[in-house]
Amino acid sequence: MQILDGKATSKAIKEEIAVEVEKRKAAGLKTPHLAAVLVGDDGASQTYVNSKVRACERCGFKSTLVKRDGSCTEEELLEIVDQLNNDDDIDGFIVQLPLPKHINEQKVLEAVKREKDVDGFHPENVGRMALNLPTFLPATPYGIMQMLERYEVPTQGKHAVVIGRSHIVGSPMSILLSRNGYPGNCTVTITHSRTTNLEELTREADILIVALGRPEFVKADMVKEGAVIVDVGITRVEAPETEKGYVIKGDVAFDEVAPKSSFITPVPGGVGPMTIASLLKNTLQAAGDKPA
Ligand code: GUN
């Protein structure tokens, strides 16, 4: 069993990006600039956005954080998106999800200029991904693909089972793993809350991607010996005895599943850090060869 160490892999990627940024500056190219928009006071979202901004600074990027409280209207948010679309110094930006209920998420995502959509959530970019055209890949699936690649995990001809059909993880993951390339060329089954024979399917999986947000849902008897396990879950579970008052749990019961696996991502320190590294890669791509 080998741990797919997202912390170490993302550190290596961020170091490569930092070198690239220095080279760009020396060559008279623009410093990449990422903006993040955070609406409301969701604790987990605040943590993610702060990590994204800190990672930018460490890699020599510029970063801008636009924060609004939960009373921000859809119109105000669309105005912010419009300003970021038209700000020539901003190469890429993200609107952190979930948004408050009174805001139409899809409308906001569609308002983001395609060339600055470093989350890859705009319908046109989703379409480009499905067609294998150059685009921005959504950060979490992109991070998983990079981890599979760097650890040279065999994927061709394998049966990949994805649990979860979200637009952020499950759905794009199923598309990327079925594409003709490496990592990819898998036979993919996508499962969700209405799947009736889930355990039968997970036991058939050579590669199991778990993204449903239910702590320790996948147990040892649900996985095949030698399977590759990618755990996308990050749920805060109350733990009054800890300093923070919570612990982070993945969707996989790691201690019992790990001994059966060939490769497995831990939580924390697996997929999470890769997501941030991927966002930075997308922002670097967005900056392209724009002059300083
Ligand atoms: N919320 C959970 N994951 C993501 C992500 O990758 N991007 C954004 N914008 N919001 C998220």
Side-chain angles (χ1 to χ4, degrees), residues 6 10 13 34-56 63-68 70 72 74 77-78 80-81 84-85 90-101 103-114 116-123 125-126 129 135-147 162-176 209-214 230-236 248-251 265 267-268 270-283 285-286:
S10 81
I13 293 173
L34 173 75
V37 184
L38 176 63
V39 182
D41 54 5
D42 179 72
S45 289
Q46 284 179 13
T47 308
Y48 300 149
V49 170
N50 288 336
S51 306
K52 289 170 185 178
V53 170
R54 245 182 296 130
C56 281
S63 66
T64 297
L65 176 57
V66 183
K67 263 172 119 165
R68 292 291 182 272
C72 177
E74 184 177 290
L77 182 53
L78 289 170
I80 292 169
V81 167
L84 294 170
N85 280 340
I90 304 275
D91 299 296
F93 67 98
I94 63 155
V95 179
Q96 186 67 27
L97 304 178
L99 288 169
K101 293 267 180 296
I103 297 178
N104 182 334
E105 216 159 79
Q106 197 56 33
K107 199 165 166 187
V108 173
L109 298 180
E110 288 185 28
V112 175
K113 193 173 175 180
R114 194 189 76 70
K116 295 193 179 192
D117 171 37
V118 285
D119 254 335
F121 291 166
H122 189 284
N125 285 332
V126 177
M129 172 186 65
T135 184
F136 300 109
L137 297 183
T140 301
Y142 187 19
I144 295 169
M145 297 297 274
Q146 286 180 87
M147 197 145 57
V162 180
I163 310 182
R165 57 179 159 186
S166 75
H167 295 163
I168 296 180
V169 185
S171 169
M173 211 51 233
S174 70
I175 293 168
L176 293 173
I209 313 285
V210 195
L212 82 162
R214 294 248 296 268
V230 176
D231 185 352
V232 189
I234 20 171
T235 307
R236 291 180 178 197
I248 300 291
K249 292 263 185 215
D251 287 351
T265 62
V267 176
V271 174
M274 292 302 296
T275 297
I276 294 179
S278 303
L279 180 64
L280 297 179
K281 271 181 90 87
N282 279 346
T283 307
Q285 183 185 321

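Computed over heavy atoms, backbone and side chain alike; hydrogens, waters and symmetry mates excluded. In each ligand, atom 1 is the first atom listed, and ligand 1 is the first ligand listed.
Ranking the protein heavy atoms by distance from atom 3 (N) of ligand 1 puts I168 CG2, 3.9 Å first. Of all protein heavy atoms, the one closest to atom 1 (N) of ligand 1 is L97 O, 2.9 Å. In this structure, atom 11 (C) of ligand 1 lies nearest to the protein heavy atom Q96 NE2, 3.3 Å.
Considering each of D119, L279, I94, the one bringing a non-hydrogen atom nearest atom 9 (N) of ligand 1 is D119.
For I248 against R236, the heavy-atom pair with the smallest separation is CD1-CG, 3.8 Å.
For ligand 1, the polar-atom distance check finds an N/O of V95 within less than 3.5 Å of one of the ligand's N/O atoms. Every N/O-N/O distance between T140 and ligand 1 stays at or above 3.5 Å.
Close to ligand 1: F121, with a non-hydrogen atom less than 4.0 angstrom away.
For the side-chain contact (heavy atoms from CB on, under 4.5 Å) with V37, the qualifying choice from T64, L77, V81 is L77, the only one to do so.
Heavy atoms from other residues, nucleotides or ligands lying under 6.0 Å from NZ of K52 number more than 12. Around CG of N104, the count of heavy atoms belonging to other residues, nucleotides or ligands within 6.0 Å exceeds 12.
Looking at T135 and D117, their side chains never come closer than 4.5 Å, going by heavy atoms from C-beta outward. Counting heavy atoms from C-beta outward, V39 and P100 have side chains that approach closer than 4.5 Å.
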